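Report on the following structure.
Order of the sequence lines sets the chain letters (A, B, ...), proteins ahead of strands, with each chain counted from 1. Computed from a predicted structure; not experimentally measured.
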Amino acid sequence: MGEVEVASEELLRHFGPLSYEEIGFLLNKMAALLDKRGMNITIRKKVYAAMVESLENIYKHQDHISDDVAYLPKFSLLVNAQSLSLFISNSILNHKVNLLKSKLDKVNSLDKDGLKDLYKNTILSGNVSPKGGAGLGIINIAKVSENKINYTFTAINDKYSYFTLNVLISLNNTK
Amino acid sequence: MDSLNIEPTEFTPRINFDPENNLFEISGFSRPENVIGFFRPILKWLDEYSDSVLSRNIDFNKSLLTVNLRMTYFNSASSKFILDILLEFMKYHSRGNEILINWYYEEGDDEIQESGEEISDMLGYPFDFIPY
């Protein structure tokens, strides 16, 4: 049987800089929407974790973003019969692109046990940066997603690029 | 030594460290805007507790210290600090105190249960897992 194109419904969308309170607002709204659709606690917690880590990452790095309105932070959450899909976009300094790409390739190359080991090694060895990042966010997103993180990077100019991460959370393989 | 009591907020957990009853509880939700600012004073309190209470206990029988963790959610930056807090208790354990770590999780909440199992594994120390 061939692949069937599945229509997705957009549940949540945010465009522009984020405050800490707005992150809380989006999280509460997501939890209520998924609860209303009867999604179980494991799914809700997975989406919650993926949203927190990605939105807090945008929040922590928004002093470095490009001021071009086309490249402001974006977030959306979509659902179809098979999965929940998060799209997270933000601008990034060009010299940081390779580091982020290599982190994404690393987590995408690992299975569940490999991710657990990477999380363990990072948390036991890494220092928490002054902004509170512990280098754990992407690993955590990959752990809860249990799917590969799709990504794109597009050059904006000689200083910035714009990236989009797509995180999938399957609906049919959780308890 | 005075107990440490921090009331919860929308972004931070409740802390009740009661040295008189050897009971240490962290509960609720944790994604502080300033994660270092929230957790560093807690680690400092544990340092003082070690110096001023545990080090002065020269009895042969050391106290049993009970740690209750009842988290509903914590972000990855908080997990680093929860681990640091528990590493302090591992130090107390290596100096002779018995430590009981209870990890509470909502029935069906695999994420919190698995996080507890991973932290237990990282510490190399067994937790009691208690669904509620």
In one Ile/Leu/Val/Met/Phe/Trp/Tyr side-chain cluster, 4.5 Å: I119(B), V144(A) = no
Closest non-hydrogen atoms of I41(A) and G108(B), given as atom of the first, atom of the second and distance, are CG2-O, 3.1 Å
Are L86(B) and Y125(B) in one and the same hydrophobic cluster, where Ile, Leu, Val, Met, Phe, Trp and Tyr link if side-chain heavy atoms are under 4.5 Å apart?
-> yes
The complete set of salt bridge (Lys or Arg N to Asp or Glu O under 4.0 Å) pairs with one or both residues in residues 160-171 of chain A, sequence neighbours excluded, reads none
ILVMFWY network linking L26(A) to F29(B), side-chain heavy atoms under 4.5 angstrom | yes
Please examine the side chains of R31(B) and L27(A), heavy atoms only from C-beta on, and report whether any two atoms are closer than 4.5 Å.
-> yes
How long is the span from the OG atom in S79(B) to the CG atom in L136(A), to the nearest 0.5 Å?
-> 5.5 Å
Does CG belonging to D2(B) count more than 12 external heavy atoms closer than 6.0 Å?
-> no
Measure the CG-OG distance between N140(A) and S115(B) for me, rounded to the nearest 0.5 Å.
-> 7.5 Å
Please check if the side chain of Y20(A) supplies one atom and the backbone of P32(B) the other of a donor-acceptor pair under 3.5 Å.
-> yes
Would you say the side-chain atoms of N75(B) and E53(A) include a donor-acceptor pair closer than 3.5 Å?
-> no
Contact part of D121(B) toward chain A, heavy-atom cut-off under 4.5 Å: side chain, backbone, both or neither?
-> both
Around atom NZ of K116(A), are there more than 12 heavy atoms of other residues, nucleotides or ligands at under 6.0 Å?
-> yes
State whether the side chain of K120(A) and the backbone N or O of M122(B) hold a donor-acceptor pair below 3.5 Å, judged by distance alone.
-> no
Determine whether more than 12 heavy atoms belonging to other residues, nucleotides or ligands lie under 6.0 Å from atom CZ of R13(A).
-> no
Would you say F25(A) and L12(A) are hydrophobically clustered, going by side-chain heavy atoms of ILVMFWY under 4.5 Å?
-> no
What residue among K143(A), K45(A), R44(A) forms side-chain contact (heavy atoms from CB on, under 4.5 Å) with E111(B)?
-> K45(A)
Same cluster or not: are L46(B) and L100(B) linked, directly or through other Ile, Leu, Val, Met, Phe, Trp or Tyr residues, by side-chain heavy atoms under 4.5 angstrom apart?
-> no
Would a 4.5 Å heavy-atom cut-off, applied to side chains only, mark L83(B) and L124(A) as touching?
-> yes
Please state whether the side chain, the backbone, both or neither of N28(A) comes within less than 4.5 Å of a heavy atom of chain B.
-> side chain
Engaged part of I112(B) at the chain A interface, taking heavy atoms whose separation is under 4.5 Å = side chain
Pick one of side chain, backbone, both or neither for F38(B), based on which atoms fall under 4.5 Å of a heavy atom in chain A.
-> neither
Would one find more than 12 heavy atoms of other residues, nucleotides or ligands at under 6.0 Å from atom CD of E98(B)?
-> no
Name the region of I23(A), side chain, backbone, both or neither, that has any atom closer than 4.5 Å to a heavy atom of chain B.
-> both
Among residues 3-19 of chain B, residues within the sub-4.5 Å heavy-atom range of chain A, in order of number, are E10(B), F11(B)
